[in-house]
Amino acid sequence: MPELPEVEVTRMGVEQALLGATIEAVRMGKPLRWPLQVAPQRLVGQRIQSVQRRGKYMLLQLSQGVLLVHLGMSGSVRCATEVGEAGVHDHFDLFTTRGVLRLTDPRRFGAVVYAPHMDHPRVQQLLGHLGVEPLGDAFDAAYLHAALRGRSGSIKQVLLAGQVVVGVGNIYVSESLFRAGIHPLRQARRVARPRLERLVQAIREVLQRAIVLGGSSLRDFKGTQGGYGDFQHEALVYGRAGLPCVHCATPIRRVVQGQRSTFYCVRCQT
DNA sequence: CACGGATCCTGATGGC
DNA sequence: TGCCATCAGGATCCGT
């Protein structure tokens, strides 16, 4: 589920709720994708000094280390002063002086990983290969042009892989390519420069709009206050197979690339 | 090194 | 109602 907008919405909520709080207790449920890498007790007494984001990771800077939180496909984080009894899908709780952070993740593709500092090899392992931030200054057509040179894979899959640009997941990649008029099956290196300009703009606008709307809630994503995101109502192609294209009325097509659905308009996207 | 495919896990949904 | 197949926001690992 969570792509960059959902993680950013989560990050802002956690920052609002728990910045400056001190961890008092930790509860862990079933194992997530990767081990925490530290005895939970070592988190106790540490203060949450900042809440940042890198790609789809949320980074909690603690007094003596960093906590990397990934929401996987089905994760969401709730912040509250009180939470009830942990349910079967609640796999990580941080009890702090300002309230509780609870990670709920039915499929358990998410992760919470601790490292003593940002230069630690584990952090490098998880974040080191990531591409540029799509909302940052480094992401422009010149960069994309250079980064896509020699890439024979489809533009959709190259963007999704996260090594060129991060945070653009399965929903927003379809939405961005539609807005840029680029066919998702086109080889990445064959996207002409003017199209790359449009693509950069489209990715930025789609992600920013999704953040404003609180992300997309296809089924289980919720913000830290428990509310749903609304971007899915503005999706122009994602999940709209067979429905008319908003520009030309041609039925939207669904294809599968790398076991993931892609939605596009055969007429508007070339 | 870049690529495509299999894989982790659980729940929702739709067809019969 | 039950059963089975299919699909779901991600990212890593493993061959080629």
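Atoms considered below: every heavy atom in the structure, side chains included; atoms not considered: hydrogens, waters and symmetry mates.
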Expressed as a whole number of angstroms, how long is the span from [X]:[atom1] to [N]:[atom2]?
X: I155(A); N: dC3(B); atom1: CD1; atom2: C1'; answer: 15 Å
X: L71(A); N: dA8(C); atom1: CG; atom2: P; answer: 20 Å
X: Q157(A); N: dA11(C); atom1: CD; atom2: C1'; answer: 14 Å
X: L127(A); N: dA11(C); atom1: CG; atom2: C1'; answer: 13 Å
X: E3(A); N: dA11(C); atom1: CD; atom2: C1'; answer: 13 Å
X: R260(A); N: dT12(C); atom1: CZ; atom2: P; answer: 13 Å
X: I171(A); N: dC7(C); atom1: CD1; atom2: P; answer: 17 Å
X: R33(A); N: dT12(C); atom1: CZ; atom2: P; answer: 6 Å

Review point. Quick one: on DNA chain B, does G150(A) or Q259(A) contact a more 5' nucleotide (nearest heavy atom)?
Key: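 Final value for this comparison: G150(A).
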
Practice item. Kindly point out which of dG11(B), dG4(B), dC9(B) is positioned nearest to the side chain of F109(A)? Key: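 Nearest listed nucleotide: dC9(B).
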
Does [X] make a side-chain N or O approach to OP1 or OP2 of [N] shorter than 4.0 Å?
X: S152(A); N: dC3(B); answer: yes
X: H129(A); N: dA11(C); answer: no
X: R151(A); N: dC1(B); answer: no
X: H89(A); N: dG11(B); answer: yes
X: K30(A); N: dC9(B); answer: no

Exercise for review: Answer yes or no: is there an ion pair linking K56(A) with E3(A), defined by an N-O contact shorter than 4.0 Å?
Suggested key: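 Salt bridge absent between K56(A) and E3(A).
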
Practice item. Could you tell me whether R253(A) atom CZ has more than 12 heavy atoms of other residues or ligands within 6.0 Å of it? Key: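 Atom CZ in R253(A) is not crowded, with 12 or fewer foreign heavy atoms closer than 6.0 Å.
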
Review point. Do other residues, nucleotides or ligands put more than 12 heavy atoms under 6.0 Å from the CZ atom of F95(A)?
Key: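 For F95(A), atom CZ is crowded (more than 12 foreign heavy atoms under 6.0 Å).
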
Contact class for [X] (heavy atom, under 4.0 Å): base, sugar-phosphate, or nothing?
X: G258(A); result: nothing
X: S261(A); result: sugar-phosphate
X: H91(A); result: nothing
X: Y238(A); result: sugar-phosphate

Review point. For dT16(C), which nucleotide is its Watson-Crick or G-U wobble mate, given both distances must be under 3.5 Å?
Key: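 Here dT16(C) is engaged in a pair, and the nucleotide opposite it is dA2(B).
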
Exercise for review: Please name all residues satisfying salt bridge (Lys or Arg N to Asp or Glu O under 4.0 Å) with R27(A), sequence neighbours left out, ordered by chain then number.
Suggested key: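 D93(A).
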
Review point. Do the rings of Y57(A) and H70(A) sit parallel, tilted or perpendicular, given the 30° and 60° boundaries?
Key: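 Y57(A) vs H70(A) ring planes: perpendicular.
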
Review point. Once the angle between the rings of Y238(A) and F263(A) is folded into 0 to 90°, is it parallel (under 30°), tilted (30 to 60°) or perpendicular (over 60°)?
Key: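 It falls in the perpendicular class, over 60°.
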
Practice item. Decide yes or no, distance alone: a donor-acceptor N/O pair under 3.5 angstrom between the base of dC9(B) and the side-chain of R108(A). Key: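 No, the side chain and the base share no sub-3.5 Å donor-acceptor pair.
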
Practice item. Please tell me which of L126(A) and R107(A) maps to the more 5' nucleotide of DNA chain C, matching each residue to the nucleotide holding its nearest heavy atom. Key: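 So the residue in question is R107(A).
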
Practice item. Can you tell me, in whole Å, how much space there is between the P of dC9(B) and that of dC3(C)? Key: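 Result for the P pair: 23 Å, nearest Å.
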
**Study point:** Euclidean distance for P, dG11(B) against dT12(C) (whole angstrom)
**Key:**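 Rounded to whole Å, the distance is 25 Å.
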
